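These notes concern the structure reproduced below.
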Number of protein chains: 4
Amino acid sequence: MRGVNKVILIGNLGRDPDVQFLEGNIAVAKFSLATTETFKDRAGKLISQTEWHTVVLWRGLAELAQKYLHKGSLVYIEGRLRTRSWEDKEGNKKFATEVVGDNLVMLDKRLDGHSGDHPLPSQGGSGLSTGSSESFGGLEIPPLSEPADDLPF
Amino acid sequence: MRGVNKVILIGNLGRDPDVQFLEGNIAVAKFSLATTETFKDRAGKLISQTEWHTVVLWRGLAELAQKYLHKGSLVYIEGRLRTRSWEDKEGNKKFATEVVGDNLVMLDKRLDGHSGDHPLPSQGGSGLSTGSSESFGGLEIPPLSEPADDLPF
Amino acid sequence: MRGVNKVILIGNLGRDPDVQFLEGNIAVAKFSLATTETFKDRAGKLISQTEWHTVVLWRGLAELAQKYLHKGSLVYIEGRLRTRSWEDKEGNKKFATEVVGDNLVMLDKRLDGHSGDHPLPSQGGSGLSTGSSESFGGLEIPPLSEPADDLPF
Amino acid sequence: MRGVNKVILIGNLGRDPDVQFLEGNIAVAKFSLATTETFKDRAGKLISQTEWHTVVLWRGLAELAQKYLHKGSLVYIEGRLRTRSWEDKEGNKKFATEVVGDNLVMLDKRLDGHSGDHPLPSQGGSGLSTGSSESFGGLEIPPLSEPADDLPF
DNA sequence: TTTT
DNA sequence: TTTT
């Protein structure tokens, strides 16, 4: 590669995801995501701007979307831009730019009383008592079980 | 510039922020942030890994942190890495790497009954009814009030 | 803000930038950027995939583009997605998604013999009167001149 | 996952990479990377600031580093922060924060006359037997060979 | 310790 | 339409 094509979004779903299963039972999810940014214009006035994105997820991520995401869900999406083009029935050239996600983080707090119902995948850091000194322990490098701290550096 | 130094974190505060005011009434906030990532190792086993970061915020962001962040808060931080070094009293060279934030997004849903109490800055997209076609309208480019859609392209 | 809308690209310009000056002498540059990523598909075959993006730059960044970028230039662009819609003469609804850049890093080695000729600013907005401060989204630049190491932490 | 820990750097190697092979013939590369950013301080003065990062690469990426990177090389690194701690011989607690890279893009123009000599893979893991698939964090690579444009949306 |  |  001599290129980078990366998108990072945090926003809310405008509708429930639309999930389809292709042959081979491959899941594809699609939804609109609204990102709202606020900033001051040159005059110092607060401006709020919403942008809508089409997000596409494949396979495992699509299945996660189907299980856990719905209209209003707040998510972090990391992915890449992809523009498709086609001609409609009238022969007009059409373009659509989508964000193909390869990482998804659900940011909603479960507010439902019946938590535990659906075992939400993972749970980061919350409920930590103080930890920090403890947690600095030389953790293993993720996908490996190498003796990372024996490194001869 | 011929360089990029960018950090993006989503995680929970390990403690309430520590906020100080320097001369000139410049606010500086500091806190530990835990980011937890989950993934499968080579054997397919789910591994959860927590990393602790020191986050430093200046001025307006520090004041936001003081007002709205506390132990357990879930935040998005965008910033850059900065390593400081010094010698302690025994003459040992010490290093500390921090994330100096230049963007902060609070990701907690307000769960408190008395919402409205503290006017949380902005509120993105949530509660949107359907919108999408409407929202595609040719929005103005942020900090400008140029007739962006009159562009001669 | 309760949202994030961020794009990071590294790629080559497909053509020289198209630069226009709006009233008020505000520069706008537009160009196509090709990002090429390579990865292995499920069968282990190397796949190379090129995606084309429309990049829009304003003010100081547009002037930088005009001065230093040309067909083939390799650049890093950081920005945000923005979709515009309009109707063409036949009444067809059209959409275009662009990347509005707020940071630009030129990655080409100057190969010209007369290097040193023009002291490449190479940073968005540097040395420009219009002063695109957009790179930091209106945020306070973390103060280098602050006595950072005297921090009472 | 309920967290994000992401670093994006563009900078130059301060020295040739230090590459080691652990048992199992697993490669680990380590090097210092300088990122230089330029911006204006409050007085409008141009400030250039260099930050040094320790970058660690594993497996296929480490082998790429060994083959193609050297002192001065310009690279894009995407990875995550990881802080290790240990006690030195005097019993002093020590910390080191590193960037563990999971994506590498070489940004140097090949200036050597004998270009074409070694067909630069230039993508993390490409053409390597060890096959660092870390770049995609264990996620399914979005399937290029899927009939993406036949999607029923 | 890099680079412009 | 770029680049390797």
Side-chain angles (χ1 to χ4, degrees), chain A residues 1-5 83 85 95, chain B residues 1-5 83 85, chain C residues 9-18 30-38 46-55 64-65 68-77 104-112 114-123 126-127, chain D residues 9-18 30-39 46-55 64-65 68-77 105-112 114-124 126-127:
Chain A
M1 147 172 40
R2 193 170 143 98
V4 170
N5 173 0
T83 297
S85 73
F95 294 91
Chain B
M1 153 178 27
R2 193 170 144 97
V4 170
N5 173 0
T83 298
S85 72
Chain C
L9 304 175
I10 295 181
N12 302 278
L13 275 72
R15 289 196 179 291
D16 290 353
D18 182 356
K30 199 168 192 172
F31 53 83
S32 277
L33 190 75
T35 58
T36 301
E37 293 183 285
T38 322
L46 247 205
I47 305 248
S48 179
Q49 181 177 10
T50 294
E51 195 68 31
W52 287 93
H53 313 269
T54 300
V55 175
L64 273 184
Y68 299 112
L69 300 187
H70 48 82
K71 176 174 172 173
S73 293
L74 181 67
V75 294
Y76 166 94
I77 295 281
L104 162 67
V105 181
M106 288 171 268
L107 296 170
D108 284 317
K109 270 251 176 49
R110 254 75 58 257
L111 306 173
D112 47 354
H114 48 109
S115 113
D117 235 344
H118 37 57
L120 247 200
S122 71
Q123 207 269 344
S126 3
Chain D
L9 304 175
I10 294 181
N12 301 279
L13 275 72
R15 289 196 180 290
D16 289 353
D18 182 356
K30 199 168 194 173
F31 54 83
S32 277
L33 190 75
T35 58
T36 302
E37 292 183 285
T38 321
F39 51 81
L46 247 205
I47 305 247
S48 178
Q49 181 177 9
T50 294
E51 195 68 32
W52 286 93
H53 315 269
T54 299
V55 175
L64 273 185
Y68 299 111
L69 300 187
H70 48 81
K71 176 173 171 173
S73 293
L74 181 67
V75 294
Y76 167 92
I77 295 282
V105 181
M106 288 171 269
L107 296 171
D108 285 317
K109 269 252 177 50
R110 254 76 58 256
L111 305 174
D112 48 353
H114 47 110
S115 114
D117 236 342
H118 38 59
L120 246 199
S122 71
Q123 206 268 348
S126 4

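These numbers were taken from a predicted model, which means no experiment stands behind them. Below, all heavy atoms of this structure are taken into account, side chains as well, without hydrogens, waters or symmetry copies. In what follows, chains carry the letters A, B, and so on, assigned in the order in which the sequence lines appear, proteins first and then strands, with residues in each chain numbered from 1.
Look at NZ on D:Lys30: it is 20 Å from P on E:dT2, rounded to the nearest Å. The nearest whole Å value for the distance from the CG atom in C:Leu33 to the P atom in F:dT1 is 16 Å. Atom-to-atom, CG of D:Leu74 to C1' of F:dT3 comes out at 15 Å; the value is rounded to the nearest Å. To the nearest angstrom, C1' of E:dT4 lies 16 Å from NZ of D:Lys71. For the pair C:His70 NE2 and F:dT1 P, the computed distance is 19 Å after rounding to whole Å. If you take CD of D:Glu37 and P of E:dT3, they are 18 Å apart, rounded to a whole angstrom. Atom P of nucleotide F:dT1 and atom CG of C:Leu9 are separated by 21 Å, given to the nearest angstrom. Rounded to whole angstrom, the span from the CG atom of C:Leu69 across to the C1' atom of F:dT2 amounts to 13 Å.
When the nucleotides E:dT3, F:dT4, E:dT1 are ranked by their closest atom to the side chain of A:Arg2, F:dT4 comes out on top. Residue D:Ala34 places its side chain closer to E:dT2 than to any other of E:dT2, F:dT1, F:dT2. In this structure, the nucleotide among E:dT3, F:dT2, F:dT1 sitting nearest to the side chain of D:Asn12 is E:dT3.
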Checklist entry - Going through the checks in order, is the side-chain contact (heavy atoms from CB on, under 4.5 Å) test met by A:Val4 and C:Leu9? => result CA-CA 5 Å; A:Val4 170; C:Leu9 304 175; over 6 Å; no
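Proximity of C:Thr50 to C:Thr35: side-chain heavy atoms (C-beta onward) are nowhere separated by under 4.5 Å. A heavy-atom distance below 4.5 Å is found between the side chains of C:Ile10 and C:Leu74.
Judged by ring centres under 5.5 Å apart and planes tilted less than 30 degrees, D:Trp52 fails to stack against the six-membered base ring of E:dT2.
Residue C:Thr50 is classed as a base contact, given a heavy-atom separation below 4.0 Å to a base.
Between C:Pro17 and C:Leu69, the closest heavy-atom pair is CD-O, 3.4 Å.
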